[in-house]
2 protein chains.
Amino acid sequence: MPHYQARVLVHLRPSVLDPAGEATRSAANRLGVEGIENLRIGKVVEIELEASNEMDARQQVELMSDRLLANPVIEDWTLELKLS
Amino acid sequence: MPHYQARVLVHLRPSVLDPAGEATRSAANRLGVEGIENLRIGKVVEIELEASNEMDARQQVELMSDRLLANPVIEDWTLELKLS
């Protein structure tokens, strides 16, 4: 069966505050990094999986993303999938 | 000044255990998702910044990544940068 490499990026929704991101942005300023306009921290889930075809792989990872990887109240996610 | 969109992916080094990833993988199996061979959870930092050129933007984000975003003992990072 073909092997796929999936990357799920989980981000806080834009309306949700990101205190860790704000703290990192302040620390970057103290470090002398200038010009930062926005900084948000999210999660990335890298998955290697075997599936009969790309549609099947996508469905499996979408199911996981909806049910396990993201909290839909405060987060949304995007999926990048490729044959490996 | 031009605006850039940087994405820093911070991953645990391959030799470092990822208990959250293992727990997620087990939960995926219970959910009926089959064929997962590997699952690792990392961080993604999305940065919008202004810089005089791409080299400058890259240097600023590399400095942040080394000093603030990743713990070099257990993590490594990769940078994707594009003009926005």
Side-chain angles (χ1 to χ4, degrees), chain A residues 1-12 14 18 20-54 56-70 75-78 80 84, chain B residues 1-12 14 18 20-54 56-70 75-78 80 84:
Chain A
M1 282 212 286
H3 291 243
Y4 296 89
Q5 175 77 39
R7 174 183 286 172
V8 182
L9 296 161
V10 181
H11 289 105
L12 288 169
D18 176 11
E22 279 306 307
T24 304
R25 184 177 169 167
S26 300
N29 284 341
R30 290 195 297 277
L31 189 63
V33 175
E34 284 169 3
I36 296 179
E37 290 168 338
N38 198 18
L39 188 157
R40 305 276 286 176
I41 299 178
K43 281 182 297 186
V44 55
V45 186
E46 305 273 4
I47 304 163
E48 289 168 31
L49 79 164
E50 198 179 63
S52 50
N53 55 55
E54 181 168 333
D56 181 41
R58 188 172 291 276
Q59 281 179 344
Q60 304 260 13
V61 178
E62 285 177 351
L63 174 64
M64 285 179 61
S65 301
D66 278 332
R67 300 281 295 276
L68 300 175
L69 305 181
E75 292 170 331
D76 49 31
W77 55 267
T78 54
E80 298 166 4
S84 72
Chain B
M1 284 213 283
H3 292 243
Y4 295 89
Q5 174 78 41
R7 174 184 287 174
V8 181
L9 296 162
V10 181
H11 290 105
L12 288 169
D18 176 12
E22 280 304 308
T24 303
R25 185 177 168 168
S26 299
N29 284 341
R30 290 194 296 278
L31 189 64
V33 175
E34 285 169 5
I36 297 178
E37 289 168 339
N38 198 17
L39 189 157
R40 305 277 286 177
I41 300 179
K43 282 182 297 188
V44 55
V45 186
E46 304 273 4
I47 305 163
E48 289 167 31
L49 79 163
E50 201 180 60
S52 50
N53 56 54
E54 183 169 331
D56 182 40
R58 189 171 290 275
Q59 281 178 346
Q60 304 259 11
V61 178
E62 286 178 350
L63 175 65
M64 287 178 61
S65 301
D66 277 331
R67 298 282 296 275
L68 300 175
L69 304 182
E75 293 171 330
D76 48 31
W77 55 266
T78 54
E80 298 166 4
S84 73

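Lettering follows sequence order; numbering is per chain, from 1.
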Let's go through A:L39 and B:V45 carefully: what are the C-alpha distance in whole Å and the side-chain angles of both, what is the deciding distance for side-chain contact (heavy atoms from CB on, under 4.5 Å) to 0.1 Å, and is it a yes or a no? CA-CA 7 Å; A:L39 188 157; B:V45 186; 3.8 Å; yes
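- For a residue to count as touching a neighbouring chain, one of its non-hydrogen atoms must lie under 4.5 Å from one of that chain's; by this rule B:A51 does not touch chain A.
- Among A:R67, A:M64, A:Q59, the one residue that satisfies the side-chain contact (heavy atoms from CB on, under 4.5 Å) test with B:V33 is A:M64.
- Residues satisfying the salt bridge (charged side-chain N to carboxylate O under 4.0 Å, His left out) test with B:E62, not counting sequence neighbours, are none.
- Comparing B:M1, B:R25, B:E37, B:H11 by how many heavy-atom pairs each has under 4.5 Å with chain A, the most go to B:E37.
- B:E80 pairs by the side-chain hydrogen bond (donor to acceptor under 3.5 Å, both in side chains) definition with A:R7, not counting sequence neighbours.
- Among A:T24, A:L9, A:V44, the residue with the largest count of heavy-atom pairs under 4.5 Å with chain B is A:V44.
- Ranked by non-hydrogen atom pairs under 4.5 Å with chain A, the options B:L68, B:I41, B:L31 are led by B:L31.
- Ranked by heavy-atom pairs shorter than 4.5 Å toward chain A, the options B:E48, B:E34, B:E50, B:H3 are led by B:E48.
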Let's go through A:I36 and B:I47 carefully: what are the C-alpha distance in whole Å and the side-chain angles of both, what is the deciding distance for side-chain contact (heavy atoms from CB on, under 4.5 Å) to 0.1 Å, and is it a yes or a no? CA-CA 7 Å; A:I36 296 179; B:I47 305 163; 4.2 Å; yes
